[in-house]
Amino acid sequence: MAKWLVKSEPSECGIDDFAESPGKVIPWDGVRNYQARNFLAQMREGDDVFLYHSSCKHIGIAGIIRVVRSAYPDPTQFDPESHYYDPKSSPENPRWQAVDFTLERKLNQLMPLDQIKQLPGLESLPLVRRGNRLSVMPVSDDEWQIILSQT
DNA sequence: GCCAACGTTGGC
DNA sequence: GCCAACGTTGGC
């Protein structure tokens, strides 16, 4: 089972949105970066994903979510009313993908970015590399364990 | 709010 | 196909 990390601004969609009600399913749409999209498309049902809170007061990994539906065409790309509308995309030739997530568990306490940066063995994780903007990235089993062992 | 880093766009 | 201009991301 592959493992991943996704970034989100908690004001947009954070761990508490997942924790709001048991079994809540949230579509992960609005990804508009090709590299991130390609990773989304590789996700499989049952994969585990770190949810990272970005651009906020408490930056870091807030919990673990799980893929409950693998990639399908992101409906927001076809909706002219949507902020994520893409006029160059069509149902016949969709350009963007979405997946569905549900909560696995919220961490007892958020693991802050500065702590993650200090962990040996995460040097190749895009998250901790300077200037990196990738919002969906793979996490190796080793990296996953290194992070989990700190919780 | 600032600004460095990055991805995308579009003129040539 | 190059690359300058632009818009966005995201930590600080």
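In the text below, chain A, chain B and the rest are named by the order of the sequence lines, each starting its count at 1.
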Rounded to the nearest 0.5 angstrom, the CD1-CZ distance for A:Ile15 and A:Arg105 is 10.0 Å

Checking A:Tyr85, A:Tyr72, A:Tyr34, A:Tyr84 against A:Trp96 for ring pair (Phe, Tyr, Trp, His ring centres under 6.0 Å), the one that qualifies is A:Tyr34

To the nearest 0.5 Å, atom CD1 of A:Ile64 lies from atom CG of A:Asp48 at 6.5 Å

So the contacted stretch of DNA chain C, first to last nucleotide with an atom under 4.0 Å from a non-hydrogen atom of chain A, runs from C:dG7 to C:dC12

Salt bridge (charged side-chain N to carboxylate O under 4.0 Å, His left out) filter on A:Arg32, not counting sequence neighbours, yields A:Asp74

Q. For residues A:Trp28 and A:Asp100, is any side-chain donor paired with an opposing acceptor at under 3.5 Å?
A. no

Here the residues of residues 30-41 of chain A within 4.0 Å heavy-atom distance, strictly under, of DNA chain B are A:Asn33, A:Tyr34

query = Got more than 12 heavy atoms from elsewhere within 6.0 Å of CD, A:Glu123?
reply = yes

Same cluster or not: A:Leu107 versus A:Ile26, using hydrophobic residues (I, L, V, M, F, W, Y) connected whenever any side-chain heavy atoms lie under 4.5 Å apart? yes

Margin query: What verdict does the salt bridge (Lys or Arg N to Asp or Glu O under 4.0 Å) test give for A:Arg66 and A:Asp47, after you've listed the backbone C-alpha separation in whole Å, the side-chain angles of each residue and the deciding distance to 0.1 Å?
Written below: CA-CA 6 Å; A:Arg66 186 189 299 118; A:Asp47 283 359; over 6 Å; no

Checking all strands, does A:Lys57 fall into the base, sugar-phosphate, or nothing category for heavy-atom contacts under 4.0 angstrom? nothing

